[in-house]
Amino acid sequence: MGTALLSMSGISKQFPGVKALEGVDFRLYQGEIHALMGENGAGKSTLIKVLTGVYDIDEGEIALDGRPVRFAGPQQATEAGISTVYQEVNLCTNLSVAENIFIGREPTKFGRIQWGVMRRRATELLQRLELDLDVTAQLSTYSLAVQQLVAIARAIDVDAKVLVLDEPTSSLDAGEVAQLFRIMRQLKAQGIAIVFVSHFLDQIYEICDRMTILRNGRLVGEHLVADISQLQLVSLMIGKELALLERLEDAGKRSFDAAPAVAQAHDLGRTGAVEPFNLTIHKGEVVGLAGLLGSGRTELARLFFGADKADSGRLEIDGIPVTMHGPRAAMNHDIAYCSENRKTEGLVEELSVRENIILALQAARGWTRPLPRRRQDELVQKYIDALNINPKDPELPVRNLSGGNQQKVLLARWLITEPRLLILDEPTRGIDIGAKAEIQRLVVELSDGGMAVLFISAELEEVLRLSHRIGVLRDRRLVTQLENTDAVDLDRLTETIASGT
Amino acid sequence: MAAITETRLSITRAARHRLFWPAVILVILLVTNVFFSGSFFKVEFRDGHLYGSVIDILRASAPLGLVALGMTLVIATGGIDLSVGAVVAIAGALACLRISGLDDQNSVTGVLLAVGLALLLSLALGVWNGFLVATVGIQPIIATLILMVAGRGLAQLITDGQIITINSSPYKMIGAGYWLGLPLCVIIAVGVAVVAGLIVRRSALGLLLESVGGNAEASRLAGIKSRWLILIVYVFAGLCAGIAGLMISSNVSSADGNNAGLLIELDAILAVVIGGTSLSGGRFSIAGTILGAVIIKTLDITIYTVGIPPEVTLLFKAVVVVVLCLAQAPKFREKFQRRRPSAPAPQAPQQKVEVTA
Amino acid sequence: GGEKADDAGSGTKDDGKITMGFAQVGAESGWRTANTKSIQEAATAAGIELKFSDAQQKQENQIKAIRSYIAQKVDIIAFSPVVESGWDTVLKEAKDAKIPVILTDRAVDSKDTSLYKTFIGSDFVLEGKKAGEWLVKEYQGKTDTVNIVELQGTTGSAPANDRKSGFADVIKADPKFKVIASQTGDFTRAKGKEVMEAFLKANPKIDVLYAHNDDMGLGAIEAIEAAGKKPGVDIKIITVDAVKDGMTALAAGKINYIVECSPLLGPQLMDLAKKVIKGETIPQRVLTEESAFTPEQAKTELPNRKY
Amino acid sequence: MSTTFEVLQKRVIRRPQQRHIPVLATLALLCVMYGAGVVRYTGFSDTQIVLNVFIDNGFLLVVGVGMTFVILTGGIDLSVGAVVALTTMIFASLVRAGWSPIAVLPVVLLVGAVIGLAMGSIIHFFDIQPFIATLAGMFLARGLCYVISTEAIRIDNALWTSLADYKIRFGGFHISWSVVIALVVVLVGAYVLAYTRLGRNIYAIGGNQQSALLMGLPVGRTKIAVYTISGLCSALGGVLLTFYTSSGYGLHALGMELDAIAAVVIGGTVLTGGSGFLFGTVLGVLVLGLIQTIITFEGTLSSWWTKIVIGALLFAFIVLQRAVARRTS
Ligand SMILES: Nc1ncnc2c1ncn2[C@@H]1O[C@H](COP(=O)(O)OP(=O)(O)OP(=O)(O)O)[C@@H](O)[C@H]1O
Ligand SMILES: Nc1ncnc2c1ncn2[C@@H]1O[C@H](COP(=O)(O)OP(=O)(O)OP(=O)(O)O)[C@@H](O)[C@H]1O
Ligand SMILES: [Mg+2]
Ligand SMILES: [Mg+2]
């Protein structure tokens, strides 16, 4: 195969208390799509950040085009032709969409930014991803998934040798993923080398040529994708066998008409967000929401929690009409909402894992009734074990955790409040397959135990697998609700989402 | 050899502590004084109470420490309170005005009433700030700027622009009196700090404040009603400033609406920052703030003792502040330390870190 | 501009009433407040309409105020300059607008003396000198070194600079006088006390305290008493200003000598203003009537002190 | 699917954008305040009064421009007032020493820029909080003033005096050079913010510094540049102040940092950075200037009532501003 375009050898990186990387080798060839695989916390993102100079390297060499390099920061890496989309969407939401795509390399004429050109090119670029946005609008007005696409658009526009995509697809739906893959193939044909990180094995098998597998910061192996089966891959990643997925297949498919309704929305709506809709969630029922990106799933869910105020219709909890004044009021009715955007709406980054986990429970108790420390430790330990949060030290700042582990922390925060209605917005975002199966099992268990769940995921299989009933949204309207019977399968659901009937 | 590494390790461990370097600077400042005033550390028992430079430093730190204490919690929520200086002036002015109107200025009940009234007003001013920030939603710096400007006027209105001199021994106790040989103002300040520390850390208040300061939107979605918390911290800051105002006016038995607490907000914020609390909110340290306040006052008193001429005082302060924050900055120490190890063993320091971690 | 008859804001009314614009430095001390009061009361008594503004210790604000008075076409402008320098431009504007200007309290260092009609106020250097002279007399014939500590006013302010240099000028003739410590006390009691506490600990033998105003002196007295010494006896104290609290301490023997710096120049100012408007000639420099007090004089003077 | 044309059309026809609302609200309220002044005081309607607000606040405007740059990155610069004072001091002492003001000009501008550069470097390289680094800068600059002299130094130079006294007249009104300079600075600043990479990087850093870093923006360089610009603006503000006061003095511009910060924030810029406009700062300065003017026109307020009324006007203004912005959004 000739010499590698990019080679990293013997890379070690130590964080206080954790050895994130230990003697890792990594090779990337021109024109290949290379998967970087591993569990949550395996060191994938760290390897990428070490490459682009976000972190200093403790040991090891990097060579690009055969020449040794070491970047002092992302700026140099970009200049050297490494274009990166980091795991957490790292954009400036206070700027416009167009600017987020072009900032740092705006089209200029005599040093003057040409806004018109920039807007035009941004629109064109987004159209390559089949995205039609107002590029002058502030990025913060768009959902996380859109932001992720904007970040991708930014990365693919550069004249790069190497494109690094760290979990770019974690909140994208199938259509968007297809668009992304189409573009990745184009780039590959142009000779660009792509590093791709994802926890969706199907995606890996669809697009990647080779893969490097990490476990606990160590290199486990480097393989051709074609040489290795999914099961082998999983056992290499986690170091043991996994056979959970099957068991869940036939969860549910019961009728809930007799069960008491926990929450009922009557013509509930909010102008500009979701049109008035009717939706009932029964005790023990899992209601899935499906729809395209921006169809309004998140916004619908937020109305149940009072995160946004509804301006029409009414909400009944246990058959009694209530006005949702805000999250706290919802929590008093035992409703929990786990946001899709863990960075801005979820975690308090400088607080420890423990503090983040007990935050909602503590908020519900009020500041005068602190949760006894022993009880805190018990609860936290329980969920660290149950969700396999790594590293296991509850006193670490949550900022230092890997993306997937942060997501688990957020989930734990709401699980310990023991709600009657749990709203999960993309709870498995960025979570490895082992933990994802664990969470899915948890959802089934909880609903069997009588908890009502509103479940949102970009991954339709997951929605299908878990839900008893599926609400389909389209253009901010709840168009239909399907009982999840045998008649409903992936194709049928996809079709409904597309056609709206 | 083993013993040496052992002490080495415990020193490195101590050096890791956030407050290690500020404490070192404090010690250096204190020791500097000895070269200029041999009896600097001498503490005698005189007239039934402790007397000495160190006691002076503690007494001078008490009001600043209190103000900074309130400021710490405000800053933890991501706010700032510029009005503390004005509240200091108002509290002192009102108390002295009331006492000067008493028939018997030494009447304890009369003094207590005046003190209570002044503290009540400070609380009310805190509520005002908190209301503007939490309910109206004005940026804290501007919300409190209003009271900073108008409050100073209010203080002068109360004193009619004059200095109100009083002669009340009960009132004088607050700022200049002693109890069990210890300065009462220090006891009060430490008491308030300890109580605040206990309340904040034993209840969930501290956690919730840090959460609101760290990520307001996430906190809201976690069910924290930040409005009340923010109100509480501004009220507490007002109260602390009020007590400090009483101390300052009591210390000189007079209320100076114009000058009392002038620029104290700057010193207080500095104390908070030296103590390791970030101005952008989140994690806070009460102990750090108190240490910061003591450092600032020690610096002042060092300047007097060493006899630094007023013209260069500010230059001296600039240097100390720069040294202080560099010493505290992990990035600076990193750069400094990386250069030090001799060439043959680049591995060694790395290894050590691992051991102590 | 549309004039309105019912408005009190205009100075150009033909009712013969004089309108004076007065730009005060601020209200940084009790002395200043007394100064303001004196001017306000004197204006009312003299039937002069006073437009008053407070510059909050900022020259910019004072200049703005004077500009505004010019725009409002007052009959006469008076002001106490925050600093001595930098008034030429705005004074020229006043001159161009034919509005006479009287300086109070502090002089300006303009070379063109035609820019203002007169300057009424005290001489800070002279005050420092008076303080020094008393000291020299007090220690006449003695040969031991006299250890002096000085509490200066706000660094850079005119009274601090002048009172320091006037005092230094007088005592430098005799080498036995030694200023062993000199620090700013910002003209306030609290700071005066704080600094004096440190002085007392760092310097075992202090004979004399010279404070640039009464307030710092009063603060220092508390520190001296707390140190177990007798102010006025163990340590001789000289201050400047002669406000009521200072005079009380002087009468009680806690201060030994106060150089007066009178803020009560309102009546004199109004007199001069009327003369200027009538076109009478007046002297370029009018000193305020002030003296200096010893404890005995303080006892007789004290009942008359208003501020 | 909307074409570029449609997008543009949408932009033109649509209501004012969300982020413009605070500034527009401020502008409207400023007009209301001015109107109230005109109704209440004779002579207030004179156009020269408005021009005087500019003349009297030219230096604050220039300092405010620098401060806006800093605050947009989420920082703060407490040293501006002291740097202004230091500039006047160096200026006056060099002129007294026989230098030509024209030769002094680059020197003081350089000094200001260097102080800013030093603070910016400390903030960036050692990760020091801007508050504390610029506070040290403030102590340093003020301290240097006193080292030069504790007394005020008058600037006695024919050229400078004539420049300072020169009135640019038009139609019965006049403005000073400092107004022209200040407006030029504002325009240049606004251009830099809107049309250069530096400007956009400033907004990006204020929005999210971590993201800006990961996006490969020159965060360090930009931050240092911002403090340098602020230092430069402060020095220029100091030069304009010498027009105004013809003197150098260590106590000049006391507390000006607060005025500048207040002007920026009243102008709708958020203290945490990332959103705001230079035009807002102009409005903020005008608000402060207008309040001052109203106070002098009122003319009967005692010292303390002056402060209370300033506070009350500020309060009324800010609360209304909030209310208007809330209503329209
Ligand atoms: N800034 C940091 N400080 C301390 N520890 C860190 C830091 N960043 C990462 N770590 C630790 O390094 C290890 C590797 O993290 P990394 O983010 O590379 O995982 P990952 O493979 O990307 O996982 P995920 O799939 O969840 O994104 C984890 O144990 C994490 O806790
Ligand atoms: N393709 C798009 N075109 C325009 N706007 C979009 C698009 N996708 C999302 N948005 C915007 O994103 C915002 C968020 O939508 P919302 O989060 O409710 O959708 P969602 O169904 O939860 O989608 P997601 O899967 O992205 O979470 C909406 O306000 C919408 O304006
Ligand atoms: Mg990762
Ligand atoms: Mg969503």
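Each chain gets a letter, A, B and so on, in the order the sequences are listed, and its residues count up from 1. Small disclaimer: the values here were computed from a predicted structure and weren't measured.
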Between [options], who has the most heavy-atom pairs with chain D when the cutoff is under 4.5 Å?
options                                : result
B/Val312, B/Leu279, B/Val320           : B/Leu279
B/Arg152, B/Lys317, B/Gln139           : B/Gln139
B/Leu147, B/Leu157, B/Val321           : B/Leu157
B/Asn258, B/Ile80, B/Asp160, B/Val322  : B/Asp160
B/Val319, B/Leu315, B/Leu263, B/Leu132 : B/Leu315

Do you know which two heavy atoms are closest between B/Ala150 and D/Gly311, and how far apart they sit?
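Where B/Ala150 meets D/Gly311 most closely, the heavy atoms are CB-CA, 3.9 Å.
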
If you compare all heavy atoms of B/Lys331 against all heavy atoms of D/Asp127, which two are closest, and at what distance to 0.1 Å?
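The answer is CD-CB, 3.7 Å.
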
Heavy-atom cut-off 4.5 Å, strictly under: side chain, backbone, both or neither for B/Ile141 against chain D?
side chain

Which region of B/Thr313, side chain (C-beta onward) or backbone (N, CA, C, O), has a non-hydrogen atom less than 4.5 Å from a non-hydrogen atom of chain D, or is it both or neither?
neither

Side chains of D/Trp304 and B/Leu154, heavy atoms from C-beta outward: is any pair under 4.5 Å?
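Result no, sub-4.5 Å side-chain heavy-atom pair not found.
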
Less than 4.5 Å apart, any side-chain heavy atom of D/Leu258 and any of B/Leu82?
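Answer yes - side chains close enough.
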
For the atom pair [atom1] ([X]) and [atom2] ([Y]), what is the distance rounded to the nearest 0.5 Å?
X        : Y        : atom1 : atom2 : result
D/Ile266 : B/Ile142 : CD1   : CD1   : 4.5 Å
D/Ile318 : B/Ile146 : CD1   : CD1   : 4.0 Å
B/Gln156 : D/Thr306 : CD    : OG1   : 9.5 Å

Applying a criterion of heavy atom separation less than 4.5 Å, what residues of residues 267-289 of chain D form contacts with chain B?
D/Thr269, D/Val270, D/Leu271

Is there any residue in residues 132-146 of chain D with a non-hydrogen atom under 4.5 Å from a non-hydrogen atom of chain B, and which ones are they?
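From residues 132-146 of chain D, the residues near chain B are D/Ile132, D/Leu135, D/Ala136, D/Met138, D/Phe139, D/Leu140, D/Arg142, D/Gly143, D/Leu144, D/Tyr146.
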
Going by the salt bridge (charged side-chain N to carboxylate O under 4.0 Å, His left out) test, which pairs reach into residues 255-275 of chain D, not counting sequence neighbours?
C/Lys58-D/Asp259

Identify which of D/Trp305, D/Phe131, D/Phe125 forms the greatest number of heavy-atom pairs closer than 4.5 Å to chain B.
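Going by pairs under 4.5 Å, I would pick D/Phe131.
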
Go through D/Ile308, D/Ile122, D/Val147 and name the one with the most non-hydrogen pairs under 4.5 angstrom from chain B.
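Highest number of pairs under 4.5 Å: D/Ile308.
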
I would like to know whether D/Gln129 and B/Cys325 meet side chain to side chain contact (heavy atoms under 4.5 Å, CB included); could you show each step before the answer?
CA-CA 9 Å; D/Gln129 296 197 39; B/Cys325 52; over 6 Å; no

In terms of relative ring orientation, are B/Phe332 and D/Phe126 parallel, tilted or perpendicular, with 30° and 60° separating the classes?
perpendicular

Under 3.5 Å: donor-acceptor pair, side chain of D/Arg322, backbone of B/Val136
yes

N/O donor-acceptor pair under 3.5 Å between B/Glu311 side chain and D/Thr150 backbone
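No: the side chain of B/Glu311 does not pair with the backbone of D/Thr150.
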
What verdict does the side chain to side chain contact (heavy atoms under 4.5 Å, CB included) test give for B/Ile138 and D/Phe315, after you've listed the backbone C-alpha separation in whole Å, the side-chain angles of each residue and the deciding distance to 0.1 Å?
CA-CA 10 Å; B/Ile138 301 175; D/Phe315 168 73; 5.6 Å; no

Any residue meeting side chain to side chain donor-acceptor pair (under 3.5 Å) with B/Tyr304, in chain and number order, not counting sequence neighbours:
C/Glu194

